[in-house]
Amino acid sequence: MAGVSRSDLLAWLNELLQLNYTKIEQCGTGGAYCQVLDSIYGDVPMTKVKMNAKHEYEFVANFKVMQNIFKAKKIDKPIPIEKLVKCKMQDNLEFLQWIKRFWDSNYGGQGYDAVARRRGAPTDTPATIAPLSSSRTGGASSGLGIGGRAGGKTPISGHRAGSAQPNEAIQTLQAQIREMSTHMEGLEKERDFYFAKLRDIEILVQQQLETSELEGSQGETLKEIQKILYSTEDGFEVPDTVAAVDEEETF
C-alpha cells in the first residue's frame with residue numbers, strides 16, 4: 001500500500017491533535033507522536049510530554065515517554081530516536097506514515113479532546129528546528145506550501161523597490177544570527193545536561209570504589225566504568241581547568 005502524502009498526513013495530524021504543524025520535520029520533537037498514542041489508549045502521561053520542545057534533549061525526553069508506552073502496550077516497533085530527533089523530513093515521514101497506519105488499525109473511534117488532554121499546554125514548536133537550514137530566503141515560505149511563515153518572521157516581499165534590497169539582506173542575516181544563537185543555546189544546555197549526568201556518575205563510582213577498597217573487594221566493574229569515563233581520543237586533552245576542579249573537589 002502506497003504511503004500517505006505529506007500534506008494528507010499533516011492535515012490528519014493537525015485535525016486529530018488540534019495543532020498547526022506546517023512541516024513533517026516538526027514531528028521530530030516527539031510530542032505529536034506521543035499524543036497520537038494517547039488518542040488511542042487515553043493513558044499517556046501527557047504532563048510529561050513537552051509539546052513545545054525546542055531543544056534536542058527535550059525531544060529525547062519525549063521519546064523516552066513514547067518508549068515506555070510501547071513497552072507497556074507491547075508494541076513491537078523499534079523507535080529510531082537518534083534519527084528522528086535530528087528533525088530530518090524523510091526519517092520523520094516514514095515514521096509518521098507508520099504511526100498513521102497503527103492509528104488506523106487501533107483507534108476505536110471514540111471522541112478525543114486533544115487540547116484538554118494536554119491541559120492547554122502550548123504547542124508552538126518552531127518550523128525552523130535543528131538542524132538549521134542553509135537557506136532562509138524564499139525557500140522558507142514556499143516550503144510551508146500554504147503561504148505561512150516560519151517562526152513568525154516577517155516575510156521578504158519581492159515587490160519592494162530596489163533601494164530596499166540591502167535592508168532586506170540585513171534583516172535576513174539578522175534572522176539567521178538569531179536562529180543560530182538560539183540553536184547554540186540549545187546545544188550548550190544539552191551539553192551541560194549530559195555533562196552533569198556524567199559528573200554524577202563519576203562521583204558515585206569514586207564513592208563506591210572507596211567503599212569497595214575499605215571492604216577489601218576488587219570493584220572491577222566500577223574500575224571499568226571509571227576507565228571509560230576518563231578515556232580520551234587522539235587530539236583531545238582534558239583542559240587544565242577541569243583537572244584543577246577535580247583536585248579541589250577530591251581534596
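For this chain, numbers begin at 1 and follow the sequence in order. Source: prediction; values computed, not measured.
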Please determine whether side chain to side chain contact (heavy atoms under 4.5 Å, CB included) holds for the pair Val36 and Leu17, giving the CA-CA distance in whole Å, both sets of side-chain angles, and the decisive distance to 0.1 Å. CA-CA 7 Å; Val36 170; Leu17 304 183; 4.0 Å; yes
Step by step, would you call Gln35 with Leu16 a side chain to side chain contact (heavy atoms under 4.5 Å, CB included)? CA-CA 9 Å; Gln35 195 162 16; Leu16 175 66; over 6 Å; no
Verdict with supporting geometry, Thr123 and Asn52, side chain to side chain contact (heavy atoms under 4.5 Å, CB included): CA-CA 5 Å; Thr123 60; Asn52 65 335; 5.8 Å; no
Can you list the steps and then say if Lys86 with Glu56 is a side chain to side chain contact (heavy atoms under 4.5 Å, CB included)? CA-CA 8 Å; Lys86 299 303 178 186; Glu56 191 168 310; 3.2 Å; yes
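Rounding to the nearest 0.5 Å places CD1 of Ile228 at 10.5 Å from CD1 of Ile201. Taking CD of Gln176 as the start and CD of Gln174 as the end, the distance is 11.0 Å to the nearest 0.5 Å. With values rounded to the nearest 0.5 angstrom, Leu37 atom CG is found 9.5 Å from Asp43 atom CG. The distance from the CD atom of Gln97 to the CG atom of Asp8 is 10.5 Å, given to the nearest 0.5 Å. For the atom pair CD1 (Ile24) and OG (Ser5), the distance works out to 8.5 Å, reported to the nearest 0.5 Å. Atom CG of Leu9 is separated from atom CD1 of Ile99 by 11.0 Å, given to the nearest 0.5 angstrom.
Within the 4.5 Å cutoff, side-chain heavy atoms of Pro45 are placed close to those of Ile69.
Between the side chain of Glu58 and the backbone N or O of Met51 there is no donor-acceptor pair closer than 3.5 Å. A donor-acceptor pair under 3.5 Å is absent between the side-chain atoms of Gln67 and the main chain of Ile79, judged by distance alone. A distance-only check finds a donor-acceptor pair linking the side chain of Gln26 to the backbone of Thr22 [under 3.5 Å].
Among all heavy-atom pairs drawn from Arg117 and Met46, the shortest one is O-CB, 3.5 Å. In plain terms, the two heavy atoms of His55 and Thr182 that are nearest each other are CE1-O, 4.1 Å. Between Leu209 and Leu222, the shortest heavy-atom contact is CD2-CB, 3.7 Å. Of all heavy-atom pairs between Val44 and Cys34, the closest is CG2-O, 3.8 Å. Here the shortest heavy-atom pairing between Pro78 and Phe95 reads O-CE1, 4.1 Å. Smallest separation of non-hydrogen atoms from Ala53 and Asn62: CB-ND2, 4.0 Å.
Comment: Asp104 engages Lys100 in a salt bridge, judged by a side-chain N to carboxylate O separation of less than 4.0 angstrom.
Under a cut-off of 6.0 angstrom, the local environment of CD in Glu82 is sparse, with at most 12 non-hydrogen atoms contributed by other residues, nucleotides or ligands. No more than 12 heavy atoms of other residues, nucleotides or ligands shown are found within 6.0 angstrom of NZ on Lys48.
Clustering ILVMFWY residues whenever any of their side-chain heavy atoms sit less than 4.5 angstrom apart, transitively, puts Val115 in a cluster other than the one holding Leu13. Linking ILVMFWY residues whenever their side-chain heavy atoms come closer than 4.5 Å, directly or via other members, places Trp98 and Leu10 in the same cluster. Both Leu198 and Ile225 are members of a single hydrophobic cluster when ILVMFWY side chains are connected at heavy-atom separations under 4.5 Å. Note on Phe193: it does not cluster hydrophobically with Leu204, by side-chain heavy-atom contacts below 4.5 Å among ILVMFWY residues. No single ILVMFWY cluster, assembled from side-chain heavy atoms under 4.5 Å apart, contains both Val60 and Leu187.
Under the 3.5 Å distance criterion, with hydrogens and angles disregarded, a donor-acceptor pair is assigned to the side chains of Asp38 and Tyr112. Side-chain atoms of Asn92 and Tyr33 form a donor-acceptor pair, as typed in the model, at a separation below 3.5 Å.
Within the cation-pi definition used here (under 6.0 Å to the ring centroid, within 45° of the axis), Lys77 does not qualify as a partner of Phe102.
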